[in-house]
*Asks:* 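Mind having a look at this structure? Questions to follow.
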Amino acid sequence: MWGGRFSTGPDAIMEAINASIDFDKRLGPEDVESSLAHADMLGATGILNVSDVSAIKEGLQEILSELNSGEFQFSADLEDIHMNIEARLKDKIGSPAGRLHTARSRNDQVATDFRLWVRGQIDWVDKNLVDLMKALLDQAQNGVSWIMPGFTHLQTAQPITWGHHMMAYVEMFSRDRSRFKDARDRMNECPLGSAALAGTSFPIDRNQTAKALEFDRPTANSLDAVSDRDFALEFLASSSICAMHLSRLAEELVIWSSAQFRFIELSDRFSTGSSIMPQKKNPDAAELVRAKIGRILGANVGLMTVMKGLPLAYSKDMQEDKEQVFDAADSLNLALCAMEGMIKDLTANKDSLEFAAKSGFSTATDLADWLVRVLNLPFREAHHITGELVGLAEQLKCDLSEIELKEMQRIHSGITEDVFTVLSIENSVKSRSSYGGTSPEEVQFQIDRWKKELG
Ligand code: ARG
């Protein structure tokens, strides 16, 4: 009944679900690299003879140039990158090509290629993070003593410095770097030689291949080596946290560049216009950076879900690891570059920052602290009195520093002229000189530390 309809159908569908070449072709250079190391080792241990090894290596080098130049013809019926490269090697050098797969399986091959690829991406991410941190450092240095409102609940809280705010992100991105570094150190073991799952009976030298591929050592359990993808998950988890940091900074850029805030102006190079409203300059790049966390965290959840419940060792489910990681890595690197560009180009508006810092009674805490320090009041009582003074200022529609001393004394008779010294935003930030605090001096100390660290 189904014969006519299904006689070829299932094969085509099988091919469609099974073939990974459309995406794993990105592993081409890593596949050649690990094959070269494997071939050298097979020669050095005498498993293959010298002339076969040199034919294999020559063929692989040619394939690498074809991959790099875009000439390489990928074929879906050869399933994946490993089979495509092996078939091409056979076209080129004939039967010795078949010897390359001695003491190896696609299972340890793909685990090795993929580790090499992820490791390379971590190095890119690290470079992009450093560039972004340098851009933030420059902004911080430029406005080290500029005063802006610091927020909690997005309500004006206390005056802070622009430099301090920029440097907060330097700290976050530096922790991201250290997370990627941890992940890199842990993943830097070579699965090659684990073969299908149990190791091999050939007298291979796993230390040689590990060293050639710049891994710290070979993996110590062949079942584990071919069947875990925790290295990719750690990359995705670190990427998710980093993307979350980017998303928060991007959100601030969106808010700060709005007409209501005017804290910053984004450059034309990183903004777009509206096709209907001529006055608009939209922070599209910031919005897209803000959104990238969706794909990156999605990849993290996606791969975790693929891996959970898989019995040891390899299952084809694991072929679903790559697209997500590729997409997450591309998204993260692009977002980092876009953020670096925006930060480098943006102009902070010193006057608007200061104007905003002066509104919202941002020095109320300084006033309460003064009552504690000078009048020796308990903080709770000082808090209450300050609250009343804020209420009064609100009634009078003026700032705390503009209430007359007489009026203040009506609320607490002990208040003296001296109180006005703490009501200015300049004195407020200057006084917050505890380690890690917002005073320009303290921020400069941190900037100098980071300049030295980043070179
Ligand atoms: N394309 C496969 C993957 O990405 C390679 C490993 C195939 N191994 C196998 N036993 N079928 O997972």
Side-chain angles (χ1 to χ4, degrees), residues 10-38 60 63 67 72-90 97-98 100-121 187 189-202 209 213 219 221-236 299-300 302-330:
D11 283 343
I13 288 168
M14 179 61 202
E15 187 180 290
I17 196 169
N18 199 37
S20 54
I21 189 63
D22 278 350
F23 51 87
D24 68 13
K25 58 177 155 203
R26 282 187 77 166
L27 295 178
E30 286 78 10
D31 197 68
V32 170
E33 197 189 342
S34 65
S35 286
L36 284 168
H38 186 64
L60 286 171
I63 288 171
L67 286 165
F72 192 98
Q73 296 290 322
F74 298 100
S75 151
D77 37 85
L78 291 168
E79 214 181 298
D80 60 21
I81 186 65
H82 322 292
M83 307 281 260
N84 269 265
I85 289 180
E86 193 176 324
R88 183 75 187 123
L89 188 62
K90 184 137 192 271
L100 174 61
H101 216 50
T102 312
R104 177 176 89 168
S105 146
R106 272 190 297 160
N107 295 351
D108 59 338
Q109 201 178 348
V110 72
T112 305
D113 296 356
F114 201 29
R115 277 193 202 218
L116 288 172
W117 194 89
V118 173
R119 194 181 70 182
Q121 290 299 310
M187 79 173 59
E189 296 185 335
C190 186
L192 200 59
S194 300
L197 73 164
T200 176
S201 57
F202 289 97
T209 39
L213 296 170
T219 52
N221 182 302
S222 58
L223 291 174
D224 169 48
V226 295
S227 69
D228 208 350
R229 293 292 182 269
D230 61 350
F231 66 91
L233 284 166
E234 277 198 72
F235 172 71
L236 292 175
N300 193 358
L303 181 56
M304 186 73 87
T305 313
V306 166
M307 293 307 294
K308 87 167 271 302
L310 288 187
L312 301 189
Y314 178 87
S315 298
K316 199 61 175 269
D317 309 51
M318 287 157 65
Q319 181 164 282
E320 293 286 316
D321 56 4
K322 291 170 206 65
E323 277 169 296
Q324 318 237 28
V325 175
F326 292 159
D327 185 70
D330 292 344

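Ligands are counted one by one from 1 in listed order, and the atoms in each one are counted from 1 as well.
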*Asks:* Is the shortest distance from a Lys or Arg side-chain nitrogen in Lys322 or Asp80 to a carboxylate oxygen in the other one below 4.0 Å?
*Replies:*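 No, Lys322 and Asp80 are not salt-bridged.
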
*Asks:* So, using ring-ring contact (aromatic ring centres under 6.0 Å, His included) as the criterion, who are the partners of Tyr314 when residues are at least two apart?
*Replies:*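 Expected list: none.
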
*Asks:* What residues sit with at least one heavy atom under 4.0 Å from ligand 1?
*Replies:*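 If the criterion is a heavy atom under 4.0 Å, then ligand 1 touches Ser20, Asp24, Asp80, His82, Arg106, Asn107, Val110, Tyr314, Gln319, Lys322.
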
*Asks:* Could you pull out all residues at least two apart from Glu189 that satisfy side chain to side chain donor-acceptor pair (under 3.5 Å)?
*Replies:*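 Checked Glu189 against side chain to side chain donor-acceptor pair (under 3.5 Å); matches are Arg217.
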
*Asks:* For Glu86, which residues count as a side chain to side chain donor-acceptor pair (under 3.5 Å) partner, sequence neighbours excluded?
*Replies:*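 Glu86: no side chain to side chain donor-acceptor pair (under 3.5 Å) contacts found.
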
*Asks:* Specify the closest pair of heavy atoms between Asp321 and Arg229, including all atoms of both residues, with the distance to one decimal.
*Replies:*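 Residues Asp321 and Arg229, closest heavy atoms: OD2-NE, 2.7 Å.
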
*Asks:* Answer yes or no: is there a donor N or O on one side and an acceptor on the other, between the side chain of Arg104 and the main chain of Gln109, under 3.5 Å?
*Replies:*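 No, the answer is negative, given that no donor and acceptor are paired below the 3.5 Å cut-off.
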
